[in-house]
Structures are given as C-alpha cells and as structure tokens.
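Here the structure is a predicted model, which is why all the values come from computation and not from measurement.
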Amino acid sequence: SRLNVSLAGGTISGDVTISGDLTVTGDGDFSYSEVLTGDMRINLTGSAGATNSPLFLETSVASTVNTFNSIRFLMGHSGGSSTDAGYLGFLAEGTWSGTGSTRDSSFIIRPVLNGSDFEAMRINSSGNVGIGNTPVSHTNAISTSQTLSVGEAQDSSDKLASIQIIGRESSASNQFGALEFVNTRSDAGVVATIAGFRGDDSYADGRLDFQTANGGTLSTKMSIDDAG
C-alpha cells in the first residue's frame with residue numbers, strides 16, 4: 001500500500017495511520033515540501049537477533065569523497081527562526097561505485113560552537129576514533145588496529161590534551177584506576193598495567209605502579225610514590 005498526498009499549502013489535522021510505504025520529498029535549505037509538527041513515532045515489529053531498520057535516510061546522488069549524508073538538528077532561539085544545533089551523519093571516504101570494496105564511510109559528529117558547526121568526533125572505516133582530531137592510522141603487524149586520538153584538529157594555537165582515569169578510593173594504598181594492556185591472542189589477557197593507587201598518608205597522595213606479566217601473572221616492576 002502507498003499513500004500519495006498532494007497539498008498546496010494545505011494541512012492534515014488529526015491522527016494519520018499509514019500502513020505500507022511513505023515517501024517524503026523535500027528541497028533546499030530551510031525550505032521543505034513536507035513539515036511534520038509535533039511528535040512522530042515509527043513502529044516496527046522487527047525480528048529478534050537481527051538488524052532492524054525502521055527508518056531509511058537516502059540521497060541518490062553518486063557519492064564521491066567527502067560526500068556527507070546527515071541528520072540535521074535545529075533549535076529555536078529568542079532572536080527568530082530555528083538555527084543549526086548540530087549534525088550526525090556518514091561521510092564517504094572515497095568515490096563509491098557498484099564494487100563493495102570502494103564503499104567505505106566514516107561516522108561524524110558535528111556540534112555547533114559560536115554559531116558554526118565543526119567536526120568534533122569521527123570513527124573511520126578502520127575503527128579508528130578521533131576526538132577533536134583526525135583519526136590516527138596505526139601501522140604494525142596487527143591486521144586491524146583501533147586508535148583513539150585526543151587533541152585539537154587543524155589549529156595552529158597551543159593546546160593541552162589529556163585523558164583522565166577517574167576513580168574513588170578511601171583506604172590507604174588501594175588501587176583506584178589503571179591503564180591496562182590486553183593481548184587477545186590465545187586469550188592472554190592483561191599483560192601490562194600502569195596503575196594508580198591512593199597514597200599512605202592522605203586522599204591527596206598518590207602512587208603509580210608499573211606492572212608486567214610473566215606467564216600470565218602480573219607483578220610490579222617499578223613504583224613511583226608521593227615522594228618521587
């Protein structure tokens with residue numbers, strides 16, 4: 001079943017139930033052929049244990065590198081019409097064709113700062129993640145690598161980048177956080193750690209332990225206490 005509605009500035013008032021296919025076509029920035037006012041709900045029975053897609057967003061243009069298909073979010077403000085609040089979408093990493101090997105994409109998050117959108121996060125087709133930075137390619141003997149890079153993208157000014165590991169510990173000399181290195185080969189597990197401990201004297205004291213594994217057993221090889 002299909003529903004075709006042709007309106008010239010008209011309005012549908014009340015509840016509408018559509019069973020089957022609905023195609024909505026719009027055009028231009030801030031100019032839409034169809035506008036839905038109020039809440040919209042899409043129900044799909046779906047299948048357990050399967051990928052269910054109740055909503056398809058499609059552009060039919062032949063995608064080349066940097067073609068960006070997105071959901072655009074608008075917010076109202078006191079100065080007038082709604083304006084951009086951000087984008088969620090996928091970007092073509094190259095020119096797409098009928099060959100599957102050409103169809104690689106990156107997931108992009110673009111919030112708004114001072115009225116202008118910018119790329120804040122990207123997950124590329126290799127699984128590498130960039131937060132405030134282009135994802136770093138990691139090359140070594142491993143066939144598939146994931147890299148998390150934190151920093152300021154395309155900015156000539158000096159910036160401080162940091163990663164925080166936040167925990168809570170009341171008892172002296174107890175561990176509250178760690179950076180763990182895990183080898184998934186043969187389920188080797190954690191083979192090295194850099195662990196943070198509460199100091200002996202107060203909550204504001206700390207200690208770092210550097211641990212490596214021998215035969216699967218971790219042991220501390222170096223400690224740096226609050227006295228250095």
Side-chain angles (χ1 to χ4, degrees), residues 48-53 65-66 86 88-94 99-111 118-228:
T51 299
N52 299 301
S53 303
V65 63
N66 293 330
L88 292 176
F90 289 86
L91 179 140
E93 295 180 0
T99 304
S101 61
T102 69
R103 300 196 292 269
D104 297 332
S105 67
S106 295
F107 176 64
I108 308 289
I109 299 176
R110 298 184 67 90
F118 69 99
E119 182 177 324
M121 179 175 174
R122 177 184 297 210
I123 305 174
N124 67 18
S125 59
S126 297
N128 295 333
V129 180
I131 301 175
N133 195 8
T134 301
V136 175
S137 60
H138 185 68
T139 305
N140 55 22
I142 302 175
S143 59
T144 301
S145 303
Q146 287 76 40
T147 301
L148 171 66
S149 56
V150 179
E152 185 72 19
Q154 299 177 351
D155 195 322
S156 59
S157 59
D158 294 339
K159 292 290 189 300
L160 174 65
S162 64
I163 297 175
Q164 290 187 335
I165 300 175
I166 302 173
R168 180 184 175 92
E169 181 53 58
S170 300
S171 301
S173 300
N174 279 2
Q175 181 177 324
F176 64 85
L179 180 63
E180 296 185 338
F181 300 85
V182 179
N183 186 0
T184 59
R185 177 72 176 182
S186 301
D187 296 323
V190 179
V191 297
T193 67
I194 302 173
F197 290 78
R198 210 212 89 167
D200 294 333
D201 299 326
S202 75
Y203 300 125
D205 295 339
R207 187 183 87 234
L208 275 180
D209 281 7
F210 294 79
Q211 302 175 327
T212 58
N214 186 352
T217 301
L218 285 169
S219 60
T220 300
K221 302 303 192 295
M222 181 175 73
S223 290
I224 303 175
D225 63 15
D226 56 356

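- Distance check: Phe107 CZ to Leu91 CG gives 12.0 Å after rounding to the nearest 0.5 Å.
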Please walk me through it: do Leu218 and Thr212 pass side chain to side chain contact (heavy atoms under 4.5 Å, CB included)? CA-CA 5 Å; Leu218 285 169; Thr212 58; 5.6 Å; no
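- Here CD1 of Ile109 is found 7.0 Å from CD1 of Ile123. Values are rounded to the nearest 0.5 Å.
- No side-chain heavy atom of Phe176 sits less than 4.5 Å from a side-chain heavy atom of Ile165.
- Here the CG-OG distance, from Asn124 to Ser105, works out to 9.5 Å after rounding to the nearest 0.5 Å.
- Using a 4.5 Å heavy-atom cutoff, the side chains of Asp200 and Asp205 are not in contact.
- The only member of Ile108, Ile131, Asn128 that meets side chain to side chain contact (heavy atoms under 4.5 Å, CB included) when paired with Arg122 is Ile108.
- The CG atom of Leu208 sits 9.0 Å away from atom OG of Ser223, with the distance rounded to the nearest 0.5 Å.
- Panel note: side chain Glu169, backbone Ser171; a donor-acceptor pair is recorded below 3.5 Å.
- Counting all heavy atoms, side chain and backbone alike, Ser106 lies closest to Ser125 at OG-N, 4.2 Å.
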The test is side chain to side chain donor-acceptor pair (under 3.5 Å); show your working for Glu180 and Thr193 and say whether it passes. CA-CA 4 Å; Glu180 296 185 338; Thr193 67; over 6 Å; no
Show the numbers, then the answer: is there a side chain to side chain contact (heavy atoms under 4.5 Å, CB included) between Gln175 and Phe197? CA-CA 4 Å; Gln175 181 177 324; Phe197 290 78; 3.5 Å; yes
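- Residues forming a salt bridge (Lys or Arg N to Asp or Glu O under 4.0 Å) with Arg207 (at least two apart in sequence, or on another chain): Asp209.
- The environment of CZ in Phe118 is crowded: more than 12 heavy-atom neighbours from other residues, nucleotides or ligands sit within 6.0 Å.
- In Asn174, the CG atom is crowded: over 12 heavy atoms of neighbouring residues, nucleotides or ligands sit closer than 6.0 Å.
- Here the closest non-hydrogen pair linking Asn183 and Val191 is CB-CG1, 4.1 Å.
- Side-chain N or O atoms of Arg198 include one that pairs as donor or acceptor with a backbone N or O of Ser170 at under 3.5 Å.
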